[in-house]
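All chains are named by letter (A, B, ...) in the order of the sequence lines, taking the proteins before the strands, and each is independently numbered beginning at 1.
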Protein chains: 2
Amino acid sequence: MEGLGTTYTVSVLARKFGLSRTTLLYYDKIGLLRPSRRQENGYRAYDAGDAARLAQICAYRRYGLNLADIGRILDHRGSDAKQVLARRFEELGVQIQELREQQRQILSLMGSEHLERTDLVMSKADWTALMRAAGFSDADMFAWHVRFEHQAPEQHLKFLKFLCIPDEEIHQIRAWSAAGAKPDG
Amino acid sequence: MEGLGTTYTVSVLARKFGLSRTTLLYYDKIGLLRPSRRQENGYRAYDAGDAARLAQICAYRRYGLNLADIGRILDHRGSDAKQVLARRFEELGVQIQELREQQRQILSLMGSEHLERTDLVMSKADWTALMRAAGFSDADMFAWHVRFEHQAPEQHLKFLKFLCIPDEEIHQIRAWSAAGAKPDG
DNA sequence: CATGAACTGTGAAGCTGTAGACGGGTCAAG
DNA sequence: CTTGACCCGTCTACAGCTTCACAGTTCATG
């Protein structure tokens with residue numbers, strides 16, 4: 001206030017955004033967020049504009065963008081936000097797949113008996129129980145898989161991974177889904 | 001070879017396991033995998049035992065364990081593999097949630113129009129179309145959500161996030177699912 | 001005016017797991 | 001003996017901070 005606008009010191013601004021002081025010092029060092037002014041004693045003086053920029057930075061961080069990308073977007077240095085976010089979105093898809101893969105690996109190693117009552121994953125058994133309770137017969141579920149596989153194979157795969165089904169079994173399910181016929185047994 | 005058993009140099013062993021030479025050098029430095037012998041010229045000489053240990057390391061890495069944990073497990077320093085893997089499993093669940101959250105944030109910011117035909121996520125519309133095609137009426141889906149919410153609320157939440165539904169909508173769906181009655185409109 | 005707490009500044013190092021550069025050794029071909 | 005293609009070990013860099021060390025400042029209290 002006081003006519004010249006609000007200013008913040010590092011720690012105050014950091015607290016305002018739930019960051020640590022050193023994080024802001026780091027942002028300063030790499031040029032992502034420089035305080036527009038310094039006090040006579042050399043202390044950093046951030047103004048409302050700086051705070052607004054920091055708000056943007058935090059927002060983009062929430063999407064998981066790295067600081068370099070954020071810098072490019074904010075300074076309009078050839079990077080368009082939409083394009084960067086779209087790229088990040090795809091990256092996230094890949095990462096999620098990887099982590100889920102690790103989860104399934106662990107699961108298939110330990111078997112669910114050792115992960116006592118995890119509640120963390122939806123298992124195939126849980127899912128089919130739910131569907132059966134909703135009136136789905138085995139035949140219905142089969143038809144549903146077939147349709148799913150034909151309509152959106154990628155998403156079918158994702159869904160099966162979501163259920164933490166082992167690779168081989170996923171492969172089998174997709175195979176008979178694609179063929180439209182379940183093998184004997 | 002020559003009767004004293006097979007030995008490998010760094011690069012050879014690295015290639016054998018699809019790792020880079022520097023990775024093995026790093027493992028040596030942190031004490032995770034020390035070659036049991038050195039040649040006269042100072043070159044690292046890994047034997048079959050070392051290779052076996054490396055195989056274990058790679059296996060654990062596939063589950064996403066960090067090197068410190070792997071070291072503790074292999075050297076039996078108070079860490080039991082099952083317990084560490086279980087911990088890692090939960091960690092993975094949290095991380096996946098976070099990444100998916102980022103994905104949903106991006107999606108809700110950009111709207112699906114900008115992510116042209118991504119195929120990367122299953123949308124609510126895709127899902128309901130599939131269920132309708134399988135003979136589910138709106139009322140059936142409603143009942144299904146109610147059952148899901150009561151039977152496994154955590155997993156219901158996960159599933160809704162899997163469909164990349166915005167937070168507020170998830171909240172609403174869960175609210176009426178829990179209540180067992182859909183509000184007007 | 002001295003003391004201390006609580007702030008500020010700078011700089012350097014550490015973390016994880018890996019990639020790459022650098023200079024030097026090894027070995028066969030010419 | 002030299003050239004070239006490899007190999008080796010060591011050192012440095014990356015992200016995105018955090019932690020540490022050390023010094024100067026501000027302000028309230030005694």
Side-chain angles (χ1 to χ4, degrees), chain A residues 7-46 50 54 56-74 79 84 87-88 91-92 95 98-99 102, chain B residues 7-35 37-46 50 54 56-74 84 87-88 91-92 95 98-99 102:
Chain A
T7 67
Y8 310 90
T9 58
V10 243
S11 294
V12 171
L13 187 65
R15 254 196 302 277
K16 196 169 147 73
F17 284 86
L19 302 172
S20 76
R21 181 180 80 106
T22 46
T23 299
L24 289 194
L25 295 182
Y26 178 67
Y27 287 176
D28 186 356
K29 181 154 67 179
I30 65 172
L32 179 60
L33 179 71
R34 316 219 108 119
S36 42
R37 208 171 57 77
R38 291 275 184 149
Q39 296 175 1
E40 298 74 21
N41 52 18
Y43 288 12
R44 290 167 179 79
Y46 295 91
D50 298 329
L54 182 53
Q56 295 241 64
I57 293 171
C58 290
Y60 283 121
R61 281 255 77 189
R62 244 170 274 132
Y63 303 132
L65 295 195
N66 60 35
L67 301 181
D69 279 339
I70 295 175
R72 272 190 291 273
I73 291 175
L74 292 184
S79 280
V84 173
R87 185 153 39 77
R88 172 64 184 159
E91 221 178 84
L92 281 166
Q95 282 181 30
E98 287 171 1
L99 295 189
Q102 292 183 7
Chain B
T7 67
Y8 312 91
T9 59
V10 240
S11 296
V12 171
L13 188 64
R15 255 196 303 277
K16 196 170 148 70
F17 284 87
L19 302 172
S20 78
R21 186 179 69 102
T22 44
T23 299
L24 289 194
L25 295 183
Y26 178 66
Y27 289 176
D28 186 358
K29 181 154 69 176
I30 65 171
L32 180 60
L33 179 70
R34 315 220 109 117
R37 210 171 56 77
R38 289 278 184 150
Q39 295 175 0
E40 299 74 19
N41 51 17
Y43 289 11
R44 289 167 179 79
Y46 296 90
D50 299 329
L54 182 53
Q56 295 241 63
I57 292 171
C58 290
Y60 283 121
R61 280 254 77 189
R62 243 170 273 133
Y63 305 131
L65 294 195
N66 60 36
L67 302 181
D69 278 338
I70 296 176
R72 271 190 292 270
I73 291 175
L74 291 184
V84 172
R87 186 154 37 77
R88 172 63 183 160
E91 221 179 84
L92 282 166
Q95 282 181 28
E98 286 170 1
L99 295 189
Q102 292 182 8

* In whole angstrom, what separates K29(B)'s NZ from dT12(D)'s P? -> 10 Å
* Can you figure out which of dG9(C), dC17(D), dT18(C) approaches the side chain of R38(A) most closely? => dG9(C)
* Asked: Within less than 4.0 Å of OP1 or OP2 of dG17(C), is there a side-chain N or O belonging to N66(B)?
  -> no
* Asked: Which listed nucleotide (dG9(D), dT16(C), dG9(C)) is nearest to the side chain of Y26(B)?
  -> dT16(C)
* Candidates L54(B), L33(B), T9(B) - the one meeting side chain to side chain contact (heavy atoms under 4.5 Å, CB included) with Y46(B) -> L33(B)
* Looking at dA21(C), dC7(D), dC17(D), which one has an atom nearest to any side-chain atom of R21(B)? -> dA21(C)
* To do: Send over the distance from D28(A) CG to dT10(C) P, rounded to a whole Å.
  => 7 Å
* D50(A)/K16(A) ion pair, N-O < 4.0 Å -> no
* Is the shortest side-chain N/O distance from T9(A) to OP1 or OP2 of dT8(C) below 4.0 Å? -> yes
* Distance, rounded to the nearest Å, where L24(B) contributes CG and dA19(C) contributes C1' -> 14 Å
* Would L67(A) and Y26(A) satisfy side-chain contact (heavy atoms from CB on, under 4.5 Å), going step by step from the backbone distance to the final call? -> CA-CA 11 Å; L67(A) 301 181; Y26(A) 178 67; 3.7 Å; yes
* Is the distance from OP1 or OP2 of dA15(D) to the nearest side-chain N or O of R61(A) less than 4.0 Å? -> no
* What does L67(B) touch in the nucleic acid at a heavy-atom separation under 4.0 angstrom: a base, only the sugar-phosphate, or nothing? -> sugar-phosphate
* Asked: Would a distance-only check, ignoring hydrogens and angles, find a side-chain to backbone donor-acceptor pair under 3.5 Å from R61(A) to L65(A)?
  -> yes
* Structure fact -> By nearest-heavy-atom nucleotide on DNA chain C, the more 5' of V12(A) and A68(B) is V12(A)
* **Side-chain N,O (R44(A)) to OP1/OP2 (dG9(C)) below 4.0 Å** => yes
* Between P of dC7(C) and OH of Y8(A), the distance in whole Å -> 18 Å
* To do: Would you kindly give the CG-to-C1' distance between L32(A) and dA15(D), to the nearest whole Å?
  => 13 Å
* **Length of the line joining L65(A):CG and dC17(D):C1', which is rounded to integer Å** => 17 Å
* Which sits closer to the 5' end of DNA chain D, Y43(A) or T22(B), going by the nucleotide each is nearest to? -> T22(B)
* **Listed nucleotide nearest any side-chain atom of N41(A), set dT10(D), dG16(D), dT25(D)** => dT25(D)
* Do any side-chain nitrogens or oxygens of S20(A) fall under 4.0 Å of OP1 or OP2 in dT18(D)? -> yes
* To do: Without swapping roles, check the side chain of R34(B) against the backbone of D28(B) for a donor-acceptor pair under 3.5 Å.
  => yes
* To do: Provide, to the nearest angstrom, the distance between the OH atom belonging to Y46(B) and the C1' atom belonging to dG9(D).
  => 11 Å
* Roughly, in whole Å, what's the span from CG in L19(A) to P in dT19(D)? -> 14 Å
